[in-house]
Amino acid sequence: MKTYDHTKIEKKWQEAWSKSKIYETKDSVSDTSSAAAKKENFYLLVEFPYPSGNLHVGHWYSFAVPDILARTLKMEGKNVLYPIGFDAFGLPAENAAIKNKVNPREWTESNMAYMREQLRSMGASFDWSREVVTCHPDYYRWTQWLFLQLFKANLAYRKETMVNWCPNDKTVLANEQVVDGKCERCGHEVVQKEMLQWNIKITEYADRLVDDLEKLDWPEPIKESQRNWIGKSEGAEIDFSLDFGEEKVNARTDADGKRAHITVFTTRPDTLFGATYLVLAPEHPWVTLTLQHKAILKNNEEVAVYVEQTSKKTELERQQETKEKTGVKLEGVVAVNPATGEKIPLYVADYVLAGYGTGAIMAVPAHDERDRAFAEKFGLPIREVVSDDRKLMHSGEYDDLSIEEGKKKITEVFGRRKTTYKLRDWIVSRQRYWGVPIPIIHCPSCGSVAVPDNQLPVLLPETDDYLPDGKGKSPLAKVESFVQVKCPQCGGDAQRETDTFDTFIDSSWYFLRYADPKNEKEFAAKDRQALWMPIDLYSGGAEHTTMHLLYSRFWHKALFDQGLVADSEPYLRRMNRGIILGPDGQKMSKSKGNVIDPDDVVRRLGADTVRMYLAFIGPYNEVASYPWNPDGVVGVRRFLERLWRAQELVVESDKLDDKSYSIIDRELHRTIKKVGEDAKQLKFNTAISQMMIFLNTIEKEKQIGKAQWETLLKLLAPFAPHMAEELWHESGRETSIHAESWPSFDPKLLVSEEGVIAIQIDGKMRGEITIASDSPKDAVEAAAREKVAARLEGKTITRTIVVPNRLVNFVTA
RNA sequence: GCCGGGAUGGCGGAAUUGGUAGACGCGCACGACUCAAAAUCGUGUAUCGCAAGGUGUGAGGGUUCGAUUCCCUCUCCCGGCACCA
C-alpha cells in the first residue's frame with residue numbers, strides 16, 4: 001500500500017478540481033432526481049478577508065470549517081453558493097505606502113495574489129469565478145452609484161460634526177481606530193474636533209433596525225448587542241421655562257413669541273416633582289448663544305472658561321474623569337419646575353452629553369446616582385418622590401401612583417412622549433487616499449451635486465503623495481487634475497469631493513455582487529438577486545456585531561426602500577464563530593511568540609488534517625476561544641492515517657461474514673445520521689467523533705465491505721476532501737467523490753438488537769441488565785427486579801418507572 | 001455600574017433537552033514490538049477505598065422517583081457597552 005503522502009495528494013486534487021471547474025456555481029441547476037424541478041439554492045456567506053498579505057489560523061477557522069457545511073449541503077442536493085473575495089480598501093495599505101514608499105495598489109494586489117494561493121491550499125469549494133474585490137473600479141463604481149441613490153433619497157448629508165482627530169497623523173479616525181482614547185496608528189491622544197463630514201442617516205432606521213430583529217433567526221446575544229448599541233429609550237420631553245428676574249433681559253427670546261425655555265429629555269418623568277435643578281451640556285446651543293450676550297449671565301466669564309476647558313479635553317481625559325463631577329452654576333437665570341412651580345437653578349456640567357437626548361436634563365438627585373453625586377458636591381436639595389415600595393410620593397395629586405402610571409400621567413400633563421437612541425448617524429467620509437472617492441462635486445452655485453451615472457466610476461487618481469495635508473484634507477486634494485471639474489448641472493467651475501468612503505460602505509453590499517459579479521449595467525440584476533438573496537447563513541466574527549452587521553442591515557433597508565433589493569433584511573441566519581488562541585491559551589501575537597503558522601502545519605501534516613483539527617476543536621456555532629493544541633493536531637493526523645490504512649481491510653461486500661456485516665452496518669447508519677445532522681448544526685466536533693467511533697468499529701472487526709467503505713468516504717468528503725477523493729479513486733472510481741450525493745440511512749438500523757438497561761432504586765444506580773430492545777415492558781421489569789432482588793428485600797415498591805431502552809426505577813416506600 | 005455568555009477529569013470537549021455523567025480526542029501510566037529510541041499496536045485512566053460501597057458537573061438551598069439539565073441565592077471567569085439621564 002502506498003504511504004499517505006498528503007503533499008502529493010492535496011496538490012494533485014486541487015489542480016484537478018481547478019481544471020474541471022467543479023466548484024463553479026451555476027445560478028440555477030435542474031434536479032436530475034425529479035423532472036423539471038430545480039435544486040434549491042443555498043447561499044452560505046463568510047466575511048471576506050482583508051488582504052493583509054498572509055493567512056493566519058483565524059482565516060482557516062473562518063473559511064475552511066464552514067466549507068465542510070458548504071460541501072455537505074452540496075452533497076445533500078442543494079445548489080450552494082460559497083463565494084470569496086477581498087475587502088481590499090483600507091488603512092494598512094496606506095500605512096505601508098507612507099512607511100515603505102510602495103504603491104498601495106501594488107501592495108494590495110500582490111498581497112491578494114499571494115493569499116489566493118494560500119486560500120487554494122485549504123481545498124475549499126470556493127467559486128473563484130465570482131470573486132469580488134472592493135478596490136477594483138468595476139466594483140466601486142457600484143459602491144459610488146449605490147451611495148448616490150441614498151444621497152438622492154436624502155439619506156446622505158454633509159454637516160459639521162464632532163470627529164476623532166489625531167493631531168499627529170493629521171487625520172480623522174473612525175471610532176474603531178481609537179483605542180483607549182489614543183490613535184491606533186501612532187499612539188497619540190485623540191481630540192474631538194468639528195469638521196465638515198459626510199453622514200448617512202442610519203438613525204432614521206433605528207426603530208426598524210430594532211424591530212426587525214424579531215423576525216431574524218439569529219442568536220439572541222447578537223440581537224441583544226445590537227439593541228444595546230442602538231440604545232432605544234422611551235421617555236418624555238419636558239419644557240422648563242426660564243426666569244431672568246428683575247432684569248428681564250429677554251422674558252421672551254424667540255421670534256415666535258414663546259417664552260424662553262429649556263427642553264429636557266428624561267426616562268423618568270414620574271420623578272418630575274423631585275427635579276431640583278437643571279443641567280445643560282457645555283455644548284448646548286442655548287449656552288453657546290447666551291455666552292455671546294454678556295448681559296444675560298452674571299458670571300458669563302466663569303461659564304465661558306468652563307465651556308472652553310471642557311472643549312479642550314481629550315477623549316482620554318473625559319474617559320478618566322468619570323467619577324468626579326464638575327460644573328458651573330449659571331447666575332442670573334432660574335428655571336421653573338412645571339410641576340411644583342418652584343424656581344430651580346441651572347448648571348453647566350460635562351456629565352451631561354450634548355449628543356444625547358436634548359443635551360439638557362432635569363436633575364433628580366434622590367433617584368439618580370450621577371445627579372446625587374453632583375448635588376452632594378454642590379450642596380443642592382435632594383428630594384425623594386418615589387417610596388421604597390415603588391409608589392409616587394410628595395407629588396401632589398399623583399401620590400400613590402405606581403412608577404408606570406406616574407410616568408404616563410405626568411408625561412400627559414407636563415410634557416410629551418419621546419423616544420431617543422444612543423445610535424448616531426454614520427460618518428462615512430475619511431481623509432485618506434486608499435478608499436472609494438466620494439462621487440460628489442461641490443459647485444459654488446449648485447451646492448453638492450451627484451456625479452452623473454455616465455461619469456461613474458470616479459476613478460481613484462494615481463499619486464505618490466499619500467500624506468494628509470495637515471489641515472484635515474485627504475491626499476486627493478493635492479491632485480489638481482482630479483479636483484478641478486465642471487459642475488454637471490450648471491457647467492461652471494467646481495471642485496470634486498476629495499474625501500474617500502469608510503470601508504464599511506464597501507462591505508455593506510458585497511454579498512449582492514457575488515450574485516451577479518460580472519454585471520456591467522447594474523450592481524446586481526434583480527433576477528440574479530432573487531436566486532440567492534436573502535442569505536441563508538452568514539458566518540463571521542463576533543467583533544462585527546455592532547459595526548459591519550449593523551451597517552449592512554441598514555444599507556440593505558435603505559436599498560429596499562429605493563426598490564433596489566427585494567428584502568428588508570440581508571441575512572436570514574447569522575452565527576458568530578469563536579477564536580483560536582495560541583498553545584499557551586493566550587491570544588496569538590508575534591510579541592508573545594505563540595503564533596501558529598498554518599502554512600507550516602499544512603506542509604507537515606496536510607490541509608485535510610488542519611481543516612479537521614479546527615472542526616474537531618469544539619462546537620463551531622459558539623463564541624468560544626480554543627487554544628491550539630499541537631498534540632491535538634497530531635491526533636487528528638493519526639486518525640486520518642488509520643483511515644488510510646483501513647483500505648487494507650476492505651473486502652468485497654459478499655465476502656463479509658454476516659455478524660461483522662450487521663455490526664458494521666448498524667454503526668455506519670448511525671454515523672450517516674449523526675454526521676449529517678451535526679454538520680448542519682455546525683457541530684463538526686461531534687460529527688468527527690462519530691466517524692472516529694466508526695473507524696474503531698472497523699478496526700475491531702478487522703474488515704469492512706466495499707460498499708460500506710465507499711459510504712464512509714462520502715461522509716468523510718466534506719471534512720477531508722483530498723483524502724476522500726484519493727481513496728475514492730483508489731477504490732476504483734473515476735468520477736469525483738464531490739459530485740456524489742449524501743448517503744441516506746435506514747432508521748430501522750439505528751436501534752441495537754439488545755441494549756443495556758440501567759436499574760435504579762429510588763433514583764440511585766443499583767445495577768444493569770442486557771436485554772433485547774424489543775422486550776415487552778413486563779419482561780424488562782421482571783428481569784430488573786430479579787437482578788436487584790437482594791437489595792429490594794424487605795422493601796415495599798410503591799411505583800416502578802420504566803423508560804424504554806433506558807432504565808427501570810423502583811420507588812420504595 | 002449596565003447588558004450578554006459561561007463554569008463538567010490533568011486538557012479540548014460529550015451527554016438522546018429531566019433518565020447509566022465524563023462519548024471522542026489529547027495527555028499520562030503500564031505492556032507488546034525494538035539492542036535502544038521514535039513511530040505503531042494493546043490495556044487502563046473522575047475521585048476515595050484492598051473490597052463491598054461512598055462521593056462527584058463553581059458554592060448553597062429547592063422541586064422531582066430521578067437534576068449537568070428546571071427554580072431561588074451567591075461566587076468567580078470571559079465578552080460588549082459605559083456619566084445615554
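Because only heavy atoms are used, hydrogens play no part in the values below, and waters and symmetry mates are left out as well, while side chains stay in.
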At 4.0 Å (heavy atoms only), tell me whether A:Y626 reaches a base, stays on the sugar-phosphate, or touches nothing.
sugar-phosphate
Mind checking if A:G635 touches a base, just sugar-phosphate, or nothing, with heavy atoms under 4.0 Å?
sugar-phosphate
Mind checking A:I801 for me? I need base, sugar-phosphate or nothing, with any heavy atom below 4.0 Å counting as a touch.
base
Strictly distance-based, threshold 3.5 Å: is any side-chain N or O of A:H6 a donor or acceptor partner for the main-chain N or O of A:R603?
yes
Regarding the side chain of A:R645, the nearest nucleotide among B:C65, B:U40, B:G13 is B:U40
Can you spot which of A:W426, A:F554, A:Y551 makes a ring-ring contact (aromatic ring centres under 6.0 Å, His included) with A:F504?
A:Y551
Taking a pair to mean Watson-Crick or G-U wobble geometry with both distances below 3.5 Å, B:G13 pairs with none
Within 6.0 Å of NZ in A:K702, more than 12 heavy atoms from elsewhere
no
Reckon A:R670 touches a base, only the sugar-phosphate, or nothing at all at heavy-atom distances under 4.0 Å?
nothing
Output the residues of residues 575-583 of chain A in contact with RNA chain B, where contact means a heavy atom of the residue under 4.0 Å from an atom of the strand; sort by number or write none.
none
Just label B:G9 as syn or anti from its O4'-C1'-N9-C4 or O4'-C1'-N1-C2 angle, using within 90° of 0 for syn.
syn
Taking the minimum atom-to-atom distance to the side chain of A:R806, which one of B:C81, B:A85, B:G19 wins?
B:G19
Run the ring-centre check on A:Y277 versus A:F374 and record whether the distance is less than 6.0 Å.
yes
Determine whether more than 12 heavy atoms belonging to other residues, nucleotides or ligands lie under 6.0 Å from atom CZ of A:R424.
yes
